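Everything on this sheet refers to the single structure shown next.
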Amino acid sequence: MEKKVPIYGNGLALYNSIKNEKLEWAADDVDAMKKSPSDNGDDKLNGTQSKNVNRIGTNNPFLEIPHDPNAAVYKTGFLARKIHADMDGKKTPRGKRGWKTFYAVLKGTVLYLQKDEYKPEKALSEDDLKNAVSVHHALALKATDYEKRPNVLKLKTADWRVFLFQAQSTEEMELWITKINCVAAVFSAPPFPAAIGSQKKFSRPLLPATTTKLTKEEQLKSHETKLKQISTELAEHRSYPPDKKVKSKEVDEYKMKDHYLEFEKTRYEVYVKLLKEGGKELLSANENDNSGLKKSHSSPSLTQDSSPSSAKVKRNVSERKDYRPETPSIKQKVT
């Protein structure tokens, strides 16, 4: 016979409440969140808090791309794009990895990839919205390990998709990197805690697409706190490497977490550096002035003829392979 455990005081009231009234999903609250963006004083600068904001993508309001037609435009120009990895770092199918040239528009926290040159009065097409990439919690870096084309930057998004973008010049590449990372540093909201389960399987925290409500000082402090936390966690993680006798699955989990922590450490280091250098001031600065951003001495014209030129490299088997897998395997060294 099963022994019943007595419940006293508030515990009994809570038990009876749950027993008599089942817990329901807050569906109305989720819908309200999708229809009512959070209030933020600097609507035009953050570009995602307008009353006209719509969302592109899934039914999860935390993961959808916030599309605001009234958002501020931070940078435009031609970029050639190659999709390197899909969501969660999974390899993009071979037939979908080719280079395509777009007119890129960094508007609000979204990088729009359009077929035609940007015109403020022209509405975005379905293809434009489909190709859009949210840069919240993203990190852009020079793709130093990709040598088939010049001036290539690597963009890793919050859901671990990876894109390669070729700019028109080294100066343009550096400007794109700075602008994208500035947007991410200034407007990315604090992450939610990682999922908790009975298994030891590693899972990444959920990174919301909503814009932060923190002030400039609070945002910097938040990033600094996360950087310290991640650095400590990475050091502790590496102090207890898996034994050589453990199962390969456990080794793979260890390397996956190491890869994640190393990336997050780099991301927050970049965010903290940019916020200390000005953050919003860097975003509002004109590309050709001296107020923070590196001046471009050779500003390419924004015409179709000036689309990124590719280096003439003889195509072989290696051209059809990824230059480095995003998800480390058991045999790969995590860097």
Side-chain angles (χ1 to χ4, degrees), residues 56-58 63-65 75 78-102 104 106 109-113 130-167 172-174 176-185 188 191 202-209 230 252 255-271 308 310-311 318-335:
I56 309 166
T58 67
L63 300 179
E64 292 172 338
I65 297 176
K75 183 160 179 58
F78 283 102
L79 286 176
R81 181 207 67 185
K82 179 178 182 179
I83 304 176
H84 173 62
D86 295 332
M87 191 178 295
D88 294 325
K90 296 179 181 178
K91 279 188 178 181
T92 301
R94 183 167 295 179
K96 297 182 180 180
R97 298 182 209 163
W99 287 93
K100 292 183 181 179
T101 300
F102 296 92
L106 182 58
T109 57
V110 181
L111 179 64
Y112 296 97
L113 302 173
K130 185 179 179 181
N131 291 323
V133 179
S134 180
V135 299
H136 72 91
H137 300 92
L139 180 64
L141 296 170
K142 182 179 179 181
T144 55
D145 45 3
Y146 188 85
E147 300 177 348
K148 297 184 177 98
R149 291 190 176 210
N151 311 318
V152 175
L153 66 93
K154 173 183 175 182
L155 175 64
K156 190 166 185 175
T157 62
D159 57 4
W160 275 33
R161 288 185 295 160
V162 180
F163 301 89
L164 299 181
F165 289 105
Q166 183 190 16
E172 276 289 288
M173 177 193 68
E174 290 173 352
W176 276 111
I177 289 173
T178 301
K179 290 284 189 176
I180 289 172
N181 288 337
C182 266
V183 167
S188 294
F202 167 72
S203 60
R204 306 192 311 272
L206 183 64
L207 303 175
I230 290 291
D252 203 26
K255 291 188 175 183
M256 175 67 76
K257 186 174 182 179
D258 191 280
H259 182 71
Y260 161 77
L261 292 173
E262 180 66 34
F263 173 76
E264 289 295 278
K265 181 174 178 289
T266 302
R267 183 166 72 89
Y268 280 109
E269 284 173 345
V270 171
Y271 287 4
S310 61
S318 64
E319 174 66 23
R320 298 192 296 270
K321 295 182 178 179
D322 289 331
Y323 67 98
R324 186 180 66 182
E326 277 305 307
T327 304
S329 65
I330 299 173
K331 297 180 179 180
Q332 292 170 336
K333 181 180 179 181
V334 180
T335 57

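Keep in mind that this is a model prediction, so the values were computed, not measured.
Interatomic distance, OG of Ser203 versus CE of Met256, reported as 11.5 Å (0.5 Å rounding). The OG1 atom of Thr109 sits 7.5 Å away from the NE2 atom of His136 when rounded to the nearest 0.5 Å. Between the OG atom of Ser188 and the CG atom of Leu139 there is a distance of 10.5 Å, given to the nearest 0.5 Å. Note that OH of Tyr112 and CG of Leu106 are 10.0 Å apart. Values are rounded to the nearest 0.5 Å. Atom CZ of residue Phe78 and atom CZ of residue Phe102 lie 12.0 Å apart, to the nearest 0.5 angstrom. From Asp145, atom CG reaches atom NZ of Lys154 across 6.0 Å, with rounding to the nearest 0.5 Å.
No side-chain heavy atom of Leu79 sits less than 4.5 Å from a side-chain heavy atom of Thr101. Looking at heavy atoms from C-beta onward, Asp86 lies in side-chain contact with Pro93 at the 4.5 angstrom threshold. Proximity of Phe163 to Lys82: side-chain heavy atoms (C-beta onward) are nowhere separated by under 4.5 Å. The shortest distance between side-chain heavy atoms of Tyr260 and Glu264 falls below 4.5 Å.
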Could you go through the side-chain contact (heavy atoms from CB on, under 4.5 Å) check for Glu172 and Lys75 one step at a time? CA-CA 10 Å; Glu172 276 289 288; Lys75 183 160 179 58; 3.2 Å; yes
Dump the intermediate steps for side-chain contact (heavy atoms from CB on, under 4.5 Å) on Leu153 and Lys142, then the final yes or no. CA-CA 4 Å; Leu153 66 93; Lys142 182 179 179 181; 5.8 Å; no
Working note: Asp88 + Lys90, criterion salt bridge (charged side-chain N to carboxylate O under 4.0 Å, His left out); need CA distance, chi angles, decisive distance, verdict. CA-CA 6 Å; Asp88 294 325; Lys90 296 179 181 178; 5.2 Å; no
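Heavy-atom minimum distance, His137 versus Pro208: CE1-O, 3.2 Å. Heavy-atom minimum distance, Lys96 versus Ile83: O-CB, 4.1 Å. Closest approach of Trp99 to Ala80, counting heavy atoms only: CZ3-O, 3.3 Å. In this structure, Ile230 and Lys265 approach most closely via the heavy-atom pair CG2-N, 3.7 Å. When all heavy atoms of Ala184 and Tyr271 are compared, the pair lying nearest together is CB-OH, 3.2 Å. What you find for Val135 and Val110 is that their closest heavy atoms are CG2-N, 4.5 Å.
Both tests pass for Lys156 against the ring of Phe263: distance under 6.0 Å to the centre and angle within 45° of the axis.
Aromatic ring centres of Trp160 and His259 lie closer together than 6.0 Å.
Using a distance-only test at 3.5 Å, with no hydrogens or angles considered, a donor-acceptor pair links the side chain of Asn181 to the main chain of Ala140. The backbone N or O of Thr92 sits less than 3.5 Å from a side-chain atom of Arg97, completing a donor-acceptor pair.
Remark: of the listed residues Asn131, Leu111, Leu155, Asn131 is the sole one forming a side chain to side chain contact (heavy atoms under 4.5 Å, CB included) with Arg81.
In summary, Lys257 and Glu262 do not engage in a salt bridge, as defined by a charged side-chain N under 4.0 Å from a carboxylate O.
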